[in-house]
Amino acid sequence: MSLLKPFSKLPGLNTANILLVESEEQFQQSLADALVEETAVSVYVRLAKSLPLPKENEESRPRLDLVVFIINMTSELSFHSAVASLKHLDPGYFLGKVCFMVTNARSASVPTERLDAVRKLVASLHCPLIFAEDQTPDGVTNATERLLTILKVAAGLVPMATALYLSNLTRCTVPPDIDQPSFD
Amino acid sequence: MDDPVKRLLQRLIRRIPSQMLKITLDKWGRLTATQQRSMDFTQPKRVLTEKLLSIYEENEWTVKHVTELEMIYIMDNPNQGMWNAYQLMDPEDDSQSVNLMQFKEQFKSHLGEIVRHVSVKMKKHTDEAVWIRIAWGDGFSRSNHLKPTYVVHQLQTPYVFVTSLTSKQKPLLSQALILATRHQNIKDANLSGLKLTAIRELLMRQYQQVFPTKYHSPLTEKTQTVLNTQTEREQAESAANRCQMACEAFGDGMLPQLQSAVYKLETKFRDPANKTMTEREEPFRCVVKFASTNLLESLRQCASSGIASTPVTPLLSSIPLKGKNYFVVTDNGPGSSQK
């Protein structure tokens, strides 16, 4: 099974490459437009619906510094697609080069079990979990800023900070009473 | 209101929205210049109705005039009420040479023979289709103009579109139609919708169709949003394939607006996990209905976004292919029932 490997290619000078994986292919487009506007670093964005990525692009694909899984909380399909894609990532990525972004978490139609399941999954992988709002330009800007912070560290462009160090600080944790019934 | 014609006129005015009222009345052309000038279309509907009812008294309009106005309104706004499509079968040798006059005479005489007190009005639309308005009566009562049936037929095509037809009236209309168009049979085309234009476009395939091609590029450029130079899609090819197959199944551009698709299942229950149901001999009867404001557009999006697997299953692609939205699915494969 071909896994996406983190260190099999050489990095570029002052560049950062990010892969956005989203089953619905909506938010990733507005994020991509906002991400490339960064001036301090050249950001190159790759968009995918799911992993594995097609073999044909293997040669031309640059080294991916950060893989972001975007999950729409209102869709069970989105969650399952992200979980299925995880299998195609080399374990080396999980040392700070994977991030999860979740949209529509505040929506009333989201069952609490799904949010708990996402948190447990992300905590077990020691990755950061970002809650984003995708409908307004402000929401997109905020999400972009947070992604850029993590991306710059993951690409090695921030002195004295490594991806593993940052992920230890920012990783998702679950409260010990997550399995207790909540008072709704 | 004891005058039924007056009541009919009042109901009709109430039905026509204010924006359409001036246009429809002008098209009808039965108001004199002074009367036209006296109509102030900025006033509320109630006032306009009063005015028109007084003009009705003045001009001594009859039921013929009022039904004429109704027909003009419906012909220009056909997308209301539920339309059903029927198909004429087994044409006789001279069916292709039936001309308009012949059709009109034959239809009126045949229908008049079968139904007493029927009032038939026929008009040719600009697109060569014949519109028929039928007010049904029976042996005991005069024609009921409050519930007319409208029939649209384009001569030399096998399709007939009907709205507001009861099951009692259906065999009578069918008989008159097959005799007038020189066919031997008429059957239900299993297609219904709120918009006449949509079901007609679907049956006559008047929407943009896509044929299998090796080079997809025109379609990809149109549907996928333009990305900046620093962004790239990894799975662009598979996305383009999905889009191509979705468009091949459903068409490109604006699709005819269907509101629902109904599948009546008469297949055996199959689920390895549920033994009690699977062991039953009789088929599991179930009806599945898909509803949407624009069903074909929704299905096309499902296929191109990957929610529905591609190549598109024949159950869904038969909707535009066969021009039907009612299917009976048996264990031998999808088919359509003859009603």
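Throughout, protein chains are lettered first and strands after them, A, B, ... in sequence-line order, and every chain is numbered starting at 1.
Only the side chain of A:L19 has a heavy atom closer than 4.5 Å to any heavy atom of chain B. Contacts of A:P62 with chain B are absent, with no heavy-atom separation under 4.5 Å from either backbone or side chain.
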Evaluate A:E38 against B:Q230 for side-chain contact (heavy atoms from CB on, under 4.5 Å), listing each step before the verdict. CA-CA 11 Å; A:E38 170 67 17; B:Q230 281 169 232; over 6 Å; no
Stepwise salt bridge (Lys or Arg N to Asp or Glu O under 4.0 Å) test for B:R233 and A:E25: CA-CA 10 Å; B:R233 274 182 227 274; A:E25 300 183 297; 5.1 Å; no
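A 4.5 Å side-chain heavy-atom check between A:E56 and B:E234 finds every atom pair outside the cut-off.
For the atom pair CD (B:E232) and CG (A:N57), the distance works out to 6.5 Å, reported to the nearest 0.5 Å. Between atom OG1 of residue B:T229 and atom OH of residue A:Y44 there is a gap of 8.0 Å, rounded to the nearest 0.5 Å. For the atom pair B:I307 CD1 and A:E24 CD, the distance stands at 7.5 Å (nearest 0.5 Å). Distance OG1/B:T231 to CG/A:L35: 8.0 Å, rounded to 0.5 Å.
When the shell of 6.0 Å around CD of B:Q80 is examined, it contains more than 12 heavy atoms from other residues, nucleotides or ligands. Heavy-atom contacts from other residues, nucleotides or ligands closer than 6.0 Å to CE of B:M20 number more than 12. Heavy-atom neighbours of A:Y165 OH from other residues, nucleotides or ligands within 6.0 Å: at or below the threshold of 12. For B:K268, the NZ atom is densely surrounded, since the number of other residues' heavy atoms within 6.0 Å is greater than 12. Heavy atoms from other residues, nucleotides or ligands lying under 6.0 Å from NZ of B:K289 number 12 at most.
Counting heavy-atom pairs under 4.5 Å between each of A:S50, A:S60, A:S42 and chain B puts A:S50 at the top.
Using modelled atom types, one side-chain atom of A:K49 and one backbone atom of B:S305 make a donor-acceptor pair closer than 3.5 Å.
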